[in-house]
Amino acid sequence: AQKVTQAQTEISVVEKEDVTLDCVYETRDTTYYLFWYKQPPSGELVFLIRRNSFDEQNEISGRYSWNFQKSTSSFNFTITASQVVDSAVYFCALSDPTSRAQGGSEKLVFGKGMKLTVNP
Amino acid sequence: NAGVTQTPKFQVLKTGQSMTLQCAQDMNHEYMSWYRQDPGMGLRLIHYSVGAGITDQGEVPNGYNVSRSTTEDFPLRLLSAAPSQTSVYFCASRTGYGVTTDTQYFGPGTRLTVL
């Protein structure tokens, strides 16, 4: 069964520090998608990135970067020069295409989230 | 586009009461789903729908009913609320289903308390 593990539950850093959020996943599927979502204190879920299993290129978007390594089943997220506005809960998620193969529909399996606090 | 909208934002119920959480999207998305978020549990899928007239159960469906009479709307019904259903509920939608699906977008959430 699909599983996503975010081992860190809470991290606190000082502004301008770099921080890496770990995500380890389990799946038997060869084709799948990985996601990161941000949930700021206001509560909404904001999509950050989607990565498919065939694309292991690292991605950078401003201060955000993602390192996808199939060999270790990890999809880690790094925030460079963190800011107070980065304070949020971050979720890693994995698509579950098995359900689709069984006649259902692909679902998302979420990790339990990691709370990041960036202090001024 | 308003995206995915949910009403109400907050709700307090007494045990045994019923209510419907509303969810609507204006993006013509085929796939809609309901999740609940509990502390330390992440998000768990309650029910989902791949199109009008088609629904299926997710990971934690007990105590909830859904229907999908239109593409735009996907209400979640609590027939007899229980304190264990105290949670934050998120509705989500995306364009289709399958490995090449688009990204799932979430509504703002409904915070439900059952006393």
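These numbers come from a predicted model, not from an experiment. To find a chain, count down the sequence lines: A is the first, B the second, and so on, and within it residues start at 1.
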Engineer: Indicate yes or no: does A:R51 engage A:E59 in a salt bridge with an N to O separation below 4.0 Å.
Structural biologist: yes
Engineer: Residues in side-chain hydrogen bond (donor to acceptor under 3.5 Å, both in side chains) with A:T9, at least two apart?
Structural biologist: none
Engineer: Go through the atoms of B:L43 and report whether side chain, backbone, both or neither lie under 4.5 Å from a heavy atom of chain A.
Structural biologist: both
Engineer: Measure A:Q6 against the heavy atoms of chain B and call it side chain, backbone, both or neither at under 4.5 Å.
Structural biologist: neither
Engineer: Nearest heavy-atom pair of B:G63 and B:Q85: which atoms, and what distance?
Structural biologist: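 Closest heavy-atom pair between B:G63 and B:Q85: O-NE2, 3.1 Å.
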Engineer: Tell me, for B:E59 versus chain A, whether the close heavy atoms (under 4.5 Å) come from the side chain, the backbone, both or neither.
Structural biologist: neither
Engineer: Quick one: what part of B:Q6 sits under 4.5 Å from any heavy atom of chain A, side chain, backbone, both or neither?
Structural biologist: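 For B:Q6, no heavy atom lies under 4.5 Å from chain A.
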Engineer: Would B:R94 and B:Y31 count as a cation-pi pair here, with the cationic atom under 6.0 angstrom from the ring centre and within 45° of the axis?
Structural biologist: yes
